[in-house]
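As the structure lists them, so they are numbered: ligands from 1, and atoms in each ligand from 1.
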Amino acid sequence: MDKFVVRKRKNESDSSQNNKKTKSQSSAEITEQKSLNVIFLVNEQLEWREIRRENLNCDYCVLFGKKNADRILEECERCLSYNEGQLAKVQIYGKWHDIPRKQVAHGDEGLAYSFSNNTVPARPWTPFLSAIRDVISQKTGYNFNFVLINRYKDGQDHMGEHRDDEKDLVFGHPIASLSLGQSRDFLFKHADARGKNATRSIETVKILLEHGSLLMMKHPTNVFWYHSLPQRKRLMNVRINMTFRMMVVK
Ligand SMILES: O=C(O)CCC(=O)C(=O)O
Ligand SMILES: [Fe+2]
């Protein structure tokens, strides 16, 4: 089941390039998920970087050091499966397209996720996913009842500009975004500064999402800013992203 043991252990180093501050952790927590023999070593003193702009409110840290992030990524590749067929399509201007990545959702019973005229039902939590969710809840103080998982096989796979502002999301609740594998740029564009009809000039915010990192997207970011994961054609490695969310229970 979801039982885990938390012990103190010597810290491991991590490979953050994004954080300007140096790491000074002396210890870390181990969360041992016994049934799957997966061990999560979480950096104990997380170095949160605050990313603030007009109505943009995000916090970033490296949650899992490299060894543990590698292990979690391996476990994802071993045990996750993704939606296929109609559940892997989006409708754009009336035409159905395959999404340019793989996707699956897990969550509490009865929850589903709607986007671009598609509704993706949540599969049940697995012990592995609920252990990750619980570590993130412990570290952030927020609960989540749903996770959307996106797998980008390489730099060709991407996600277009959007806001996570669906009605099924509990308004104001943060979204916790865990990244594993290939580091990728993540862009925020202010709604008033997008495309031809831009009414203001506001600089795009670019964040490198590293292996093992956690980005907390907090209110009101998703009201005012669009985000995307653009193509980076020269990147060859897999990236998996999990966005932990709180959905409205009907
Ligand atoms: O892969 C990412 O970092 C983006 C994920 C995202 O924006 C989403 O799932 O809504
Ligand atoms: Fe999103």
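Residue R245 approaches ligand 1 through these ligand atoms, each under 4.0 Å from one of its heavy atoms: 8 (C), 9 (O), 10 (O). If you number the atoms of ligand 1 from 1 as listed, the ones under 4.0 Å from a heavy atom of Y152 come out as 1 (O), 2 (C), 4 (C). Residue L148 has at least one heavy-atom neighbour below 4.0 Å for each of these atoms of ligand 1: 9 (O). Residue N150 has at least one heavy-atom neighbour below 4.0 Å for each of these atoms of ligand 1: 9 (O). Remark: ligand 1 atoms within the under-4.0 Å shell around heavy atoms of H162 are 6 (C), 7 (O), 8 (C), 10 (O). For ligand 1, the atoms lying closer than 4.0 Å to a non-hydrogen atom of D164 are 10 (O).
At least one cation-pi condition fails for R245 and F144: the charged atom is not both under 6.0 angstrom from the six-membered ring centre and inside a 45 degree cone around its axis. With a 6.0 Å cutoff to the six-membered ring centre and a 45° limit on the axis angle, R53 does not count as a cation-pi contact of F188.
Considering backbone and side-chain N/O of R239, one or more are found under 3.5 Å from N/O of ligand 1. Checked by distance only, ligand 1 and Y113 stay at 3.5 Å or farther apart across all their nitrogen or oxygen atoms. Close N/O approach between S177 and ligand 1 is not found [any backbone or side-chain N/O within under 3.5 Å].
With no hydrogens or angles considered, a side-chain donor-acceptor pair links D70 and H211 at under 3.5 Å. Using a 3.5 Å distance cut-off with no hydrogens or angles, the side chains of R49 and Y60 do not pair a donor with an acceptor. Side-chain contact check for N241 and R101: no donor-acceptor pair (N or O, by modelled atom type) lies under 3.5 Å. Judged purely by distance below 3.5 Å, without hydrogens or angles, the side chains of W225 and N55 never pair a donor atom with an acceptor atom. For the residue pair R239 / S183, no side-chain donor-acceptor distance below 3.5 Å is found, with atom types taken as modelled. For the 3.5 Å distance criterion, the side chains of Q103 and N150 qualify, holding a donor opposite an acceptor.
Atom OD2 is the N, O or S atom of D164 at the shortest distance from the Fe ion (ligand 2).
Heavy atoms of R184 come nearer than 4.0 angstrom to ligand 1 in no pair at all. The shortest heavy-atom distance from M242 to ligand 1 is not under 4.0 Å.
At a heavy-atom cutoff of 4.0 Å, ligand 1 is contacted by no atom of R101, backbone or side chain.
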